[in-house]
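Scroll down for the structure; my scribbles are underneath it.
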Amino acid sequence: MMHIDIKEILEDYDLDKLSIATLSSHSALQILHGAKIEGLNTVLIVKKDRLWFYEQFKHLIDHIVLVNEWHEVVKADVIRMLRAKNAILIPHGSFVEYVGLDRAEKMEVPMFGLRSLLRVEASQKRKMKFLRDAGIKVPKEYDLDDLVPPVIVKFSGAKGGRGYFIANDKEEVKKGIEEAIGKGLVRDMDEVLIQEYVIGVPAYYHFFYSPVLKRLELLGADIRYESNVDGLKRLPHRISSGIEPSFVVVGNIPLVLRESLLLKIMDYGYKFVRHSQKELPPGVIGPFCLESIIKDDCDIIVFEFSGRIVAGTNIYVMGSPYSWLYWNEPMSTGRRIAREIRMAVEKGILDKILT
Ligand code: AMP
């Protein structure tokens, strides 16, 4: 990955006039809202067809950068404009999806978060290896010839679970993969992950690792509301049994966990932080999410991570039951990002939280 010299870029920055910059999607409103509360300036990169919507939140936006297409985000004049505004880019789930991984990695604007984690996150196989090596329990992985049903078949880069399918034997898996190749969802077997389908309930944990305070915070948890799998429960079994579930995320539902589960969840969080520090120094910075199934014996199996803010945090613009315990004030993940940046500036270690 290209090396970006953060210290050199920061030499031209006015630290009293820092801006938070993000793309108009995913968790942008929360990020802007949090930055304003913490007294930072905001820059929103808006695609023209969305301007009418984001203009309704003008009070949260100090400066708009308009683009016709997302790939323009990395054009030299946009980069220049962002740096002139002393901008720190906040990557979110739509950032890599819209801008593209190669471009996102090379973008010469300081990013709050661990840039090198983006590439790990983009590959199903590397991502699962990262979790496994961290010592976190993950679903079993199978080859076509040794699978134990039920399995879930996933494709690298599939957006929001699109195209994933559940299968009960080798023939179903083969047929599904051939169809996916036909639809252009996947190119070859290297991008296919055949994984144990874990029976239990889904739970997603929103973590924040603070390099400034050297502590891990659990800022919230959520459940994803997915079409059509969550709708199938509303139908009588005789009808739903014939319909293939799909996993397109449409929103998020708040979740408070049984307190005794929090010990394992925090342990997983710390394992993730420590492994990232060892494998990808300086390690994870700020928000990340572990995505799990909790089984009926309370075992927690993590099938995915996000190395940046997740959209489930949008539930907690006013803070979550957990963020209140740390901060005793309304602390969203967006606000927490801005707070971390402010604290790093005060301590003179801003370059330590940017990559
Ligand atoms: P993802 O796109 O990875 O977040 O997954 C989409 C959906 O598949 C979510 O509803 C998950 O709950 C479900 N899912 C993913 N992997 C597994 C697994 N190994 N076992 C059970 N459910 C899974």
Side-chain angles (χ1 to χ4, degrees), residues 26-27 92-94 96-97 117-118 120-132 136-143 146-168 172-173 176-177 180 185-186 191-207 220-234 240 243-255 257 261 265 268 272 287-315:
H26 194 265
S27 44
H92 52 47
S94 302
V96 171
E97 184 180 338
L117 204 51
L118 299 177
V120 180
E121 196 188 325
S123 149
Q124 288 287 358
K125 289 186 178 169
R126 278 190 73 187
K127 177 160 52 182
M128 295 318 294
K129 180 177 183 324
F130 190 90
L131 289 167
R132 210 167 27 244
I136 293 167
K137 269 198 193 176
V138 297
K140 292 188 192 77
E141 246 171 63
Y142 300 121
D143 291 324
D146 69 2
L147 59 85
V148 180
V151 294
I152 180 165
V153 182
K154 302 179 175 184
F155 309 116
S156 280
K159 302 297 171 298
R162 229 173 267 266
Y164 289 8
F165 65 93
I166 297 172
N168 234 342
E172 275 181 31
V173 174
I177 294 172
L185 272 174
V186 63
E191 293 178 14
V192 178
L193 184 74
I194 306 170
Q195 194 175 67
E196 168 195 39
Y197 186 86
V198 183
I199 311 283
V201 292
Y204 300 72
Y205 319 111
H206 317 154
F207 291 104
D222 78 290
I223 304 170
R224 287 185 194 158
Y225 198 41
E226 291 162 334
S227 188
N228 61 15
V229 69
D230 289 314
L232 292 178
K233 290 181 280 213
R234 305 170 58 150
S240 66
I243 300 174
E244 275 303 312
S246 49
F247 302 94
V248 178
V249 180
V250 297
N252 305 79
I253 300 167
L255 174 68
L257 292 139
L261 286 169
I265 292 165
Y268 278 5
F272 187 89
F288 69 96
C289 178
L290 295 182
E291 311 175 5
S292 77
I293 302 288
I294 308 182
K295 300 202 304 186
D296 61 3
D297 59 3
C298 287
D299 207 5
I300 302 178
I301 313 293
V302 176
F303 62 86
E304 169 109 79
F305 77 78
S306 302
R308 32 82 196 163
I309 186 169
V310 285
T313 59
N314 289 337
I315 300 166

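Counting convention: from 1, in listed order, for ligands and their atoms alike.
Heavy atoms of Y225 stay at 4.0 angstrom or farther from ligand 1.
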For the pair E304 and K154, evaluate salt bridge (Lys or Arg N to Asp or Glu O under 4.0 Å) and give the outcome as yes or no after the intermediate values. CA-CA 11 Å; E304 169 109 79; K154 302 179 175 184; 5.3 Å; no
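Ring planes of H26 and H92: parallel class, angle under 30° (limits at 30 and 60°).
Ring centroids of F288 and F305 are separated by 6.0 Å or more, keeping the two rings apart.
Remark: side-chain polar atoms of N228 are paired, donor with acceptor, to backbone N or O of E244 under 3.5 angstrom. The main-chain N or O of R126 is found under 3.5 Å from a side-chain atom of S123 such that the two form a donor-acceptor pair.
Of all atoms in ligand 1, listed by their number and element, those nearer than 4.0 Å to a heavy atom of P139 are 19 (N). Here is the list of ligand 1 atoms found below 4.0 Å of a heavy atom in E196: 18 (C), 19 (N), 20 (N). Those atoms of ligand 1 that come under 4.0 Å of a heavy atom in E304, given as number and element, are 1 (P), 2 (O), 3 (O), 4 (O). Remark: ligand 1 atoms within the under-4.0 Å shell around heavy atoms of R224 are 4 (O).
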Show the atom names and distances, to 0.1 Å, of all donor-acceptor pairs under 3.5 Å that link a side chain in residues 196-207 to residues at least two apart or in another chain.
unit_1	atom_1	unit_2	atom_2	d
E196	OE1	K140	N	3.3
Y205	OH	S292	OG	2.7
H206	NE2	D222	OD1	2.6

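If you look at F303 next to ligand 1, the close heavy atoms, those under 4.0 Å, all belong to the side chain. Contact annotation: for E226 versus ligand 1, heavy atoms closer than 4.0 Å belong to the side chain alone. Using a 4.0 Å cut-off between heavy atoms, I152 contacts ligand 1 through its side chain alone, with no backbone atom that close.
The heavy atom nearest to atom 12 (O) of ligand 1, out of those in F305, F247, Y204, is found in Y204.
At a threshold of 4.0 Å, the pair E291-R224 counts as salt-bridged, since one of the basic side-chain nitrogens sits closer than that to a carboxylate oxygen.
Annotation: V198 places an N or O atom under 3.5 Å from an N or O atom of ligand 1; distance criterion only.
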